[in-house]
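Below: one structure, written as structure tokens.
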Amino acid sequence: MIQIVGIGLLATVLILVIKEQKPMFAFLIGASTGIYIFLYLIGKIGGIIDVLEQLAASSGVQMIYLKTILKIIGIAYIAEFGAQIVRDAGRRALLQR
């Protein structure tokens with residue numbers, strides 16, 4: 001957890017320093033940091049999903065319900081991540097419909 005926060009803080013400081021000179025590089029740093037953290041956490045999320053599946057099996061909940069909920073959460077997370085990238089790029093008009 002400390003590594004993730006450290007990477008986020010380092011990226012934030014770099015973005016603030018670079019943003020005035022090269023806003024495109026600042027955006028790329030922010031986007032790549034977000035993608036890196038997401039990919040780093042995928043392995044950890046796998047362990048959490050295994051525990052949730054064990055809990056669902058022991059409580060008698062059918063797996064189709066758990067998988068549906070996990071898919072909904074995943075889609076919502078990816079959509080929010082994409083929306084944040086668009087906002088950071090300054091293209092808010094793409095989000096308004």
Hey, quick one: are Ile15 and Ile4 part of the same hydrophobic cluster, counting side-chain heavy atoms closer than 4.5 Å, chains of contacts allowed? no
Would Val17 end up clustered with Phe25 when hydrophobic side chains under 4.5 Å apart are linked, directly or stepwise? no
Are Ile72 and Ile42 connected, step by step, through hydrophobic side chains (Ile, Leu, Val, Met, Phe, Trp, Tyr) whose heavy atoms are closer than 4.5 Å? no
Here the gap from Thr68 atom OG1 to Gln62 atom CD, rounded to the nearest 0.5 Å, amounts to 10.5 Å
Through direct or indirect side-chain contacts below 4.5 angstrom among Ile, Leu, Val, Met, Phe, Trp and Tyr, which residues connect to Ile73? Ile69
Could you state the interatomic distance from CG (Leu52) to CE (Met63), rounded to the nearest 0.5 Å? 9.5 Å
Are Leu39 and Ile45 connected, step by step, through hydrophobic side chains (Ile, Leu, Val, Met, Phe, Trp, Tyr) whose heavy atoms are closer than 4.5 Å? no
Of the non-hydrogen atoms in Ile18 and Ala26, which two are nearest, and what is the gap between them? CG2-N, 4.1 Å
When rounded to the nearest 0.5 Å, the distance separating OG1 of Thr33 from CG of Leu14 is 8.0 Å
Output all residues satisfying side-chain contact (heavy atoms from CB on, under 4.5 Å) with Glu20, sequence neighbours left out; order by chain, then residue number. none
Kindly check if the number of other-residue, nucleotide or ligand heavy atoms within 6.0 Å of CD1 (Ile64) is above 12? no
Honestly curious: do Leu70 and Ile78 fall in one hydrophobic cluster under the side-chain, below-4.5 Å linking rule? no
Restricting to non-hydrogen atoms, name the atom on Ile7 and the atom on Tyr36 that form the minimum distance, rounded to 0.1 Å. CD1-CE2, 3.4 Å
How long is the span from the CG atom in Leu9 to the CD1 atom in Ile2, to the nearest 0.5 Å? 11.5 Å
